[in-house]
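Reading through the structure tokens given below for one structure.
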Amino acid sequence: MQRSCRDVTNAWSETLQKNIALIGFMAVGKSAIGRTLAKKLRRRFVDLDRVIERAEGSKVREIFEHKGEAYFRQLEKQALADVLEENNQVIATGGGVILDDQNLQILREKALLIGLSAEMDVLLARAGDATKRPLLQGSNRREKIEILLRQRAARYAQAHVTIDTSNLTVDQVVKKIMGMLEVRKTVGCKP
Ligand code: S3P
């Protein structure tokens, strides 16, 4: 049954306020896309890894090196909960934030969750030398990515919508997201 225009308008104004969170594998472009999207939507942009780095006073790479991944995941969980207290933001998450069930649940509740994906060769190219990414250090990067992607695929698939960014520029992805938001706004209703 078609919804009334008032219902649609209400749903849209909720969407307007709601956070938009980007999830997806390392180097897929979450930060660059998030920053540009936030500018277009005139929203605050939050990069979760930078929030963690500010709180801890050290770089993600150093946190992994000196305190380990489990410690980093605790910081990440706390930072995510704090950030999601606010509405109306565009949030770029770290690629592993979805490993925690509660993180995934509150992201789905408090944000429109947009998944970004890319083909392996594109991820490898975008990762560059990956010195800042502790989980991609050393040799056999392709194999490392394959293993992590296999472990995480079902979790990335929990996004409300997913965009394959392989052949798209940052601006093209942002345009696509803006188009999706527009479709949600104008979805048919019974006057
Ligand atoms: C991680 C991704 C990184 C960063 C940390 C762990 C992951 O963020 O949070 O190195 O587990 O995928 P990016 O996705 O921004 O590289």
Side-chain angles (χ1 to χ4, degrees), residues 19-38 44-84 89-108 111 113-159 162-166 168-170 173-174 177:
N19 290 309
I20 296 174
L22 305 176
I23 62 169
F25 202 73
M26 288 172 264
V28 78
K30 299 179 296 281
S31 299
I33 291 164
R35 194 172 298 111
T36 307
L37 180 66
R44 191 162 96 100
F45 172 63
V46 181
D47 191 319
L48 202 61
D49 279 346
R50 301 294 86 76
V51 172
I52 297 166
E53 288 180 340
R54 270 200 302 276
E56 196 64 4
S58 46
K59 299 280 175 201
V60 168
R61 180 182 46 78
E62 294 162 350
I63 302 172
F64 267 74
E65 201 175 304
H66 301 304
K67 306 224 169 140
E69 180 170 350
Y71 180 79
F72 173 79
R73 296 297 173 203
Q74 280 175 29
L75 298 177
E76 187 176 49
K77 186 168 185 155
Q78 187 58 55
L80 180 70
D82 292 346
V83 164
L84 287 174
Q89 312 166 101
V90 174
I91 304 161
T93 62
V97 77
I98 40 71
L99 292 170
D100 180 281
D101 289 341
Q102 285 171 352
N103 286 354
L104 195 49
Q105 195 185 332
I106 66 165
L107 273 166
R108 280 180 56 86
L113 202 52
I114 301 182
L116 301 175
S117 68
E119 288 157 15
M120 172 62 75
D121 287 340
V122 175
L123 287 176
L124 279 168
R126 288 185 190 161
D129 66 2
T131 45
K132 291 183 191 146
R133 295 193 164 94
L135 296 179
L136 299 183
Q137 297 301 311
S139 55
N140 279 334
R141 185 169 303 156
R142 180 180 288 267
E143 202 186 325
K144 286 191 175 107
I145 295 178
E146 271 167 7
I147 293 169
L148 288 171
L149 272 177
R150 226 175 293 129
Q151 289 167 349
R152 297 177 177 186
R155 291 180 169 268
Y156 290 138
Q158 302 280 315
T162 298
I163 300 173
D164 182 351
T165 68
S166 302
L168 301 175
T169 62
V170 168
V173 177
V174 168
I177 296 173

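Atoms within each ligand, like the ligands themselves, are counted from 1 in listed order. FYI, the numbering just counts along the sequence from 1. Worth knowing before you read on, the calculation uses all heavy atoms, side chains too, and leaves out hydrogens, waters and symmetry mates.
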query = Residues two or more places apart in sequence or in another chain: which of them pass salt bridge (charged side-chain N to carboxylate O under 4.0 Å, His left out) with Lys144?
reply = none
query = What class does the angle between the rings of Tyr156 and Phe25 fall in, given that below 30° is parallel, 30 to 60° is tilted and above 60° is perpendicular?
reply = perpendicular
task = Would you indicate whether the side-chain heavy atoms of Ile91 and Lys30 approach each other to under 4.5 Å?
result = no
Dump the pairs for me: ligand 1 N or O, protein N or O, distance under 3.5 Å, to 0.1 Å.
unit_1	atom_1	unit_2	atom_2	d
ligand 1	8 (O)	Asp49	OD2	2.8
ligand 1	9 (O)	Asp49	OD1	2.9
ligand 1	9 (O)	Asp49	OD2	3.0
ligand 1	11 (O)	Arg73	NH2	2.7
ligand 1	11 (O)	Gly96	N	3.4
ligand 1	11 (O)	Arg152	NH2	2.7
ligand 1	12 (O)	Gly96	N	3.2
ligand 1	12 (O)	Arg152	NH1	2.7
ligand 1	12 (O)	Arg152	NH2	3.4
ligand 1	14 (O)	Lys30	NZ	2.7
ligand 1	14 (O)	Gly95	N	2.8
ligand 1	16 (O)	Arg133	NE	2.8

key: Those residues that, when tested against Glu62, pass side-chain contact (heavy atoms from CB on, under 4.5 Å) (two or more places apart)   = Ser58, Lys59, His66
key: Flag side-chain contact, heavy atom, 4.5 Å: Gln74 against Lys77   = no
Partner residues of Ala118 under the side-chain contact (heavy atoms from CB on, under 4.5 Å) criterion, sequence neighbours left out = Val28, Val122, Leu123, Arg126, Thr165, Ser166
